[in-house]
Amino acid sequence: MNAYDEVADFIAANNPRGVIAFQPSAESKDRVADLISREKTEGLPHEEKSELDHYMMIEHLMRLAKARAQRYLTNG
C-alpha cells in the first residue's frame, strides 16, 4: 500500500458518506478549469503549474478515498 492509499483509506474510513458526497466549491472548480485551459493554450508560469499539479494530486487522492468509502458502505 502506498502513501496515497493509506491516506485515502484513513479519510474514507472516518466518514464514508461525507467523503462520497464531497464536491469542491464552484470557485475551486472554476480555478482548476481556468488553469487547465490556459495550460493547454498558452502555458502556465511555474507557480500556477505547481498549483495545478497540487490540484491534480488532491483530485487523485479524493477519487481513491471515494472508491474506498463506497467499499466501506457496501461491505459494512
Side-chain angles (χ1 to χ4, degrees):
M1 183 177 278
N2 67 37
Y4 278 112
D5 291 320
E6 289 178 17
V7 173
D9 197 51
F10 174 77
I11 292 168
N14 283 291
N15 184 0
R17 283 185 176 80
V19 170
I20 290 169
F22 175 80
Q23 291 292 317
S25 68
E27 293 84 10
S28 291
K29 289 179 184 180
D30 290 346
R31 177 64 177 162
V32 171
D34 175 58
L35 290 170
I36 290 170
S37 175
R38 288 191 299 116
E39 180 185 43
K40 289 179 180 179
T41 59
E42 61 196 61
L44 295 173
H46 176 73
E47 300 82 30
E48 288 183 325
K49 174 67 173 129
S50 179
E51 179 185 357
L52 179 58
D53 290 344
H54 283 98
Y55 280 124
M56 295 297 108
M57 288 187 288
I58 292 167
E59 180 184 15
H60 176 70
L61 180 60
M62 285 307 297
R63 285 177 185 252
L64 289 173
K66 285 180 180 243
R68 298 255 179 358
Q70 187 62 47
R71 276 194 239 139
Y72 276 107
L73 292 176
T74 302
N75 298 329

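All residue numbers refer to positions in the sequence shown, counting from 1. When reading the values below, keep in mind they use all heavy atoms of this one structure, side chains included, and skip hydrogens, waters and symmetry mates.
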Going by the rule side-chain hydrogen bond (donor to acceptor under 3.5 Å, both in side chains), which residues pair with Gln23 if we only count those two or more places apart in sequence or in a different chain? none
So, using side-chain hydrogen bond (donor to acceptor under 3.5 Å, both in side chains) as the criterion, who are the partners of Ser37 when residues are at least two apart?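 Ser37 satisfies side-chain hydrogen bond (donor to acceptor under 3.5 Å, both in side chains) with no other residue.
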Expected list for residues 12-21: side-chain donor-acceptor pairs under 3.5 angstrom, two or more places apart:
from	atom 1	to	atom 2	distance (Å)
Asn14	ND2	Phe10	O	2.6
Asn15	OD1	Gly18	N	3.0

What residue pairs, at least two apart or across chains, pass ring-ring contact (aromatic ring centres under 6.0 Å, His included) with a residue in residues 52-71?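 Non-adjacent pairs meeting ring-ring contact (aromatic ring centres under 6.0 Å, His included): Tyr4-His60.
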Any pair with a residue in residues 57-66 that passes salt bridge (charged side-chain N to carboxylate O under 4.0 Å, His left out), sequence neighbours left out, goes on the list, sorted by first then second residue, please. Glu59-Arg63
Tell me which pairs pass salt bridge (charged side-chain N to carboxylate O under 4.0 Å, His left out) where either residue lies in residues 44-57, with sequence neighbours left out. Arg31-Glu48, Arg31-Glu51, Arg38-Glu48, Glu39-Lys49, Lys49-Asp53
According to side chain to side chain contact (heavy atoms under 4.5 Å, CB included), who are the partners of Ser25, at least two apart in sequence or on a separate chain? Glu27, Ser28
For Asn75, which residues count as a side chain to side chain contact (heavy atoms under 4.5 Å, CB included) partner, sequence neighbours excluded?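 Asn75 satisfies side chain to side chain contact (heavy atoms under 4.5 Å, CB included) with Arg71 once adjacent residues are dropped.
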Of all the heavy-atom pairs spanning Leu35 and Leu44, show the shortest one and how long it is. O-CD1, 3.7 Å
Assigning hydrophobic clusters by single linkage (Ile, Leu, Val, Met, Phe, Trp, Tyr; side-chain heavy-atom cutoff under 4.5 Å), is [X] placed with [Y]?
X     : Y     : value
Met62 : Met56 : no
Met57 : Leu52 : no
Phe22 : Ile11 : yes

Mind checking who shares a hydrophobic cluster with Tyr72, ILVMFWY linked at side-chain heavy-atom distances under 4.5 Å? none
